[in-house]
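Structure first, commentary second.
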Amino acid sequence: GQSLEQPSEVTAVEGAIVQINCTYQTSGFYGLSWYQQHDGGAPTFLSYNGLDGLEETGRFSSFLSRSDSYGYLLLQELQMKDSASYFCAVKSGGYQKVTFGTGTKLQVIP
Amino acid sequence: DGGITQSPKYLFRKEGQNVTLSCEQNLNHDAMYWYRQDPGQGLRLIYYSQIVNDFQKGDIAEGYSVSREKKESFPLTVTSAQKNPTAFYLCASSIEPQNQYFGAGTRLSVL
């Protein structure tokens with residue numbers, strides 16, 4: 001089966017940088033996605049890494065190391081609206097299936 | 001506007017009752033998914049469908065059933081066999097599984 005580990009909570013200061021890590025164990029790994037979910041809302045897609053390295057999208061970047069079974073989401077210039085839960089998700093095995101981690105709740109403080 | 005619509009937003013189930021959650025998309029996506037989210041938890045896959053008239057069980061399919069008669073629609077029935085149905089249910093669709101578009105969700109509670 002698949003397993004993913006993320007920190008349950010992270011607190012960071014407005015304007016700062018925060019990194020949310022994700023380690024995974026899976027067979028037939030294809031790639032790692034990141035999603036953001038505000039309280040009571042729907043998850044929204046942030047990024048996908050199918051290859052090793054860094055993907056940058058505005059203030060958000062995501063990194064993958066397949067050899068280490070590890071990835072992270074980097075949020076820069078934190079804003080209060082970034083307070084949300086962030087989920088990593090692995091695409092593996094069957095083509096149309098992903099497995100989500102349990103999420104990291106990010107609190108941005110003034 | 002393209003998107004995914006889930007209804008109702010809130011639903012209450014009586015003991016022994018089956019209830020059906022609606023999910024409609026106009027994104028022309030082939031794949032659709034149902035997830036269950038419990039408080040403070042991640043998303044667990046209930047069922048998914050890659051194409052019309054075909055669907056597969058996810059990790060927690062027991063007590064649930066689905067149909068996929070139209071590309072746009074993927075309703076989920078929570079049967080009386082599901083003994084702990086209280087949760088937030090999310091429907092999603094995608095072209096590729098790594099980038100899924102989610103509906104606003106349905107909160108199901110037991111009376």
Side-chain angles (χ1 to χ4, degrees), chain A residues 1-10 20 22-24 26 28-51 55 57 60 62 64 71 73 84-107, chain B residues 3-7 9-10 21 23 25 27 29-52 54-61 66 68 71 74 87-109:
Chain A
Q2 292 94 17
S3 68
L4 296 93
E5 288 192 16
Q6 308 178 232
S8 58
E9 294 182 357
V10 172
I20 299 174
C22 175
T23 58
Y24 59 87
T26 186
F29 177 83
Y30 285 95
L32 189 70
S33 298
W34 288 92
Y35 288 80
Q36 178 192 62
Q37 185 182 31
H38 288 97
D39 280 348
T44 56
F45 172 81
L46 293 176
S47 67
Y48 174 72
N49 293 72
L51 300 173
E55 294 282 341
T57 309
F60 293 3
S62 58
L64 175 66
L73 180 69
S85 292
Y86 292 85
F87 296 89
C88 59
V90 295
K91 174 183 169 184
S92 64
Y95 175 65
Q96 290 289 358
K97 182 179 173 183
V98 300
T99 301
F100 284 79
T102 54
T104 298
K105 190 173 181 67
L106 171 65
Q107 183 181 13
Chain B
I4 299 181
T5 302
Q6 290 188 241
S7 62
K9 188 172 183 178
Y10 298 97
L21 285 61
C23 178
Q25 56 101 358
L27 298 168
H29 289 167
D30 283 320
M32 296 188 74
Y33 314 78
W34 274 105
Y35 294 92
R36 169 179 172 143
Q37 187 174 33
D38 293 284
Q41 298 297 312
L43 284 67
R44 291 185 291 168
L45 184 64
I46 304 173
Y47 269 98
Y48 65 105
S49 168
Q50 299 182 45
I51 199 167
V52 174
D54 184 60
F55 50 83
Q56 287 80 40
K57 292 182 179 180
D59 299 317
I60 55 165
V66 294
R68 186 85 188 276
K71 187 175 187 176
F74 191 40
F88 186 43
Y89 291 87
L90 287 158
C91 178
S93 71
S94 75
I95 296 174
E96 294 181 315
Q98 61 265 30
N99 181 357
Q100 296 181 20
Y101 293 78
F102 284 83
T106 294
R107 291 197 180 277
L108 176 62
S109 302

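Letters A, B, ... are given to chains in the order of the sequence lines, protein chains preceding strands, and every chain is numbered from 1.
Aromatic ring pairs are classed by plane angle as parallel below 30°, tilted from 30° to 60° and perpendicular above 60°; the pair B:Y48 and B:Y33 is parallel. Between A:F100 and B:F102, the angle of the ring planes goes over 60°, which puts this pair in the perpendicular group of the 30/60° scheme.
Remark: the B:E96 side chain and the A:Y30 side chain contain no N/O donor-acceptor pair separated by less than 3.5 Å.
The main-chain N or O of A:P7 is found under 3.5 Å from a side-chain atom of A:T104 such that the two form a donor-acceptor pair. With B:Q6 contributing its side chain and B:Y89 its backbone, the two residues share a donor-acceptor pair below 3.5 Å.
Proximity to chain A is limited to the side chain of B:R107, based on heavy atoms less than 4.5 angstrom apart. The part of A:Q37 that comes within reach of chain B is its side chain, from C-beta onward, which places non-hydrogen atoms under 4.5 angstrom from that chain. Contacts of B:L90 with chain A are made by side-chain atoms alone, with heavy-atom separations under 4.5 Å and no backbone atom involved. Using a 4.5 Å cut-off between heavy atoms, B:Y35 contacts chain A through its side chain alone, with no backbone atom that close. Only the side chain of B:Q37 comes within contact range of chain A, judged by heavy atoms closer than 4.5 Å.
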